[in-house]
S.K.: 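Shown below is the structure under consideration.
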Amino acid sequence: MATLESNRYGKFRVRVMKVLRHDDSHHDVCELEADVLLHGELAGSYLSEDNSSVVPTDTVKNTVHVLAHDHLETCRTSFAKIIGEHFLAKYAHLAGVEVELRERKWERMSIEGKPHPHAFVHAGNGEPFSRAAFFRGKAPQLSSGIRGHLVMKSTQSGFAGYNVCELTTLPPTTDRVFATRLAAEWEFINLTEDFVAADMAILAAAHEVFATTYSPSVQRTLYQIGEVALERVPAISRIELKMPNVHFLGLDLAKLGRPGQSCVLLPTDEPHGEIEAVIVR
Ligand SMILES: O=c1[nH]c(=O)c2[nH]c(=O)[nH]c2[nH]1
């Protein structure tokens with residue numbers, strides 16, 4: 001016999017662009033893509049023909065558009081919180097809502113050294129996102145982060161002293177290229193924080209640790225980034241970091257008359273090392 005173990009539903013990839021017109025030519029913009037999932041006493045729609053509790057996913061999409069019109073400014077995380085609070089307040093039969101907002105980040109163009117009032121360039125290094133989970137009777141969860149943020153340094157990284165067995169071929173090194181496609185998510189304990197400032201401080205901390213600290217392993221650098229982020233931003237309680245080791249392989253050009261060379265490397269996509277950890281206070 002089949003049993004409905006769990007269920008949720010909603011609308012994914014709801015896109016919206018808000019132009020905040022301070023005057024005719026001075027604007028701010030915020031472009032988002034939203035996933036919204038609803039939880040509650042919705043088994044009827046799966047187990048029978050009873051759709052009476054189902055808020056149509058089309059209504060979910062319209063809600064995102066209307067809330068964007070009424071409330072969206074430039075802070076993605078505040079908007080995730082607004083969406084979460086709205087669904088619980090409006091629909092008493094819903095038990096919870098999960099929201100993910102992904103941002104296409106537009107930065108002002110710099111023209112003759114001055115920020116342009118209404119021309120923007122895509123800040124394309126990674127996809128910033130925010131997530132909210134609001135469930136009745138539980139503390140709200142609010143987080144933000146970034147995926148696919150590509151950083152690289154050409155020295156001040158090594159890897160040595162690891163476990164060696166008959167299958168080990170990796171030579172130890174104290175000088176290698178270190179590149180990673182950083183994915184990070186940090187959870188706010190203070191839900192009235194200046195989320196944008198917190199995001200900037202955490203990314204700046206990650207860059208600073210990465211650039212200025214010798215890395216004996218991706219693992220160590222990952223932990224140090226988490227440690228400094230928690231130290232600098234009291235409003236977060238937890239940070240999850242994923243740092244794939246995007247390898248640049250040494251190339252043997254001896255047969256081409258360049259023995260022992262170390263400046264031309266082979267960029268690779270796969271396979272890659274995958275280093276992940278969660279760091280809490
Ligand atoms: O920083 C590293 N951590 C590892 O776990 C590892 N494994 C590996 O082959 N190279 C590296 N580098």
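We count ligands from 1, going down the list as the structure has it; atoms in each ligand are counted the same way.
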S.K.: Please list the nearest protein heavy atom to atom 12 (N) of ligand 1 with its residue and the distance rounded to 0.1 Å.
M.R.: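 I find the closest protein heavy atom is R176 NH1, 3.1 Å.
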S.K.: Any idea which protein heavy atom is nearest atom 9 (O) of ligand 1, and the distance to it?
M.R.: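 For atom 9 (O) of ligand 1, the nearest protein heavy atom is L170 CD2, 3.6 Å.
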S.K.: So for ligand 1, is H247 a polar contact partner (N or O within less than 3.5 Å, distance only)?
M.R.: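 No: no nitrogen or oxygen of H247 is under 3.5 Å from one in ligand 1.
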S.K.: So for atom CZ, which belongs to R258, do other residues, nucleotides or ligands contribute more than 12 heavy atoms lying within a distance under 6.0 Å?
M.R.: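 No.
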S.K.: Is the shortest N/O to N/O distance between I275 and ligand 1 below 3.5 Å?
M.R.: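 In fact, backbone or side chain, I275 has no N or O that close.
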S.K.: Please confirm whether H272 comes under 4.0 Å of ligand 1, counting heavy atoms of the residue only.
M.R.: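 No, that is not the case, since the closest heavy atom of the residue is not under 4.0 Å from the ligand.
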S.K.: Is the shortest heavy-atom distance from the side chain of K105 to the side chain of I146 under 4.5 Å?
M.R.: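 When only atoms from C-beta onward are counted, I146 and K105 do not touch, as no gap falls below 4.5 Å.
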S.K.: State yes or no: do L72 and V29 share one hydrophobic cluster built from I, L, V, M, F, W and Y residues joined by side-chain heavy-atom distances below 4.5 Å, directly or via other members?
M.R.: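 In one cluster with L72: V29, no.
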S.K.: Does the distance from a Lys or Arg side-chain N to an Asp or Glu carboxylate O, for K18 and D28, drop under 4.0 Å?
M.R.: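 Looking at K18 and D28, the cut-off is not met.
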S.K.: Is the shortest N/O to N/O distance between S217 and ligand 1 below 3.5 Å?
M.R.: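 Between S217 and ligand 1, no N or O pair is found under 3.5 Å apart.
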S.K.: Which bit of E274 gets closer than 4.0 Å to ligand 1, counting heavy atoms only: side chain, backbone, both or neither?
M.R.: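 The answer is neither; E274 stays 4.0 Å or more away.
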S.K.: Going by an N to O cut-off under 4.0 Å, is there a salt bridge joining R15 and E31?
M.R.: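 Salt bridge: yes.
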S.K.: Is R131 paired with E240 through a side-chain N to carboxylate O contact shorter than 4.0 Å?
M.R.: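 No, E240 and R131 are not salt-bridged.
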S.K.: For ligand 1, which atoms have a heavy atom of Q219 less than 4.0 angstrom away?
M.R.: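 Result: 1 (O), 2 (C), 3 (N), 4 (C), 5 (O).
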S.K.: Counting non-hydrogen protein atoms only, what is the nearest one to atom 7 (N) of ligand 1? Give residue, atom name and distance.
M.R.: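 That would be F159 CE2, 3.5 Å.
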S.K.: Hey, is the main chain of V54 close enough, under 3.5 Å, to the side chain of N51 for a donor-acceptor pair?
M.R.: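 No, because the side chain of N51 does not come within donor-acceptor range (under 3.5 Å) of the backbone of V54.
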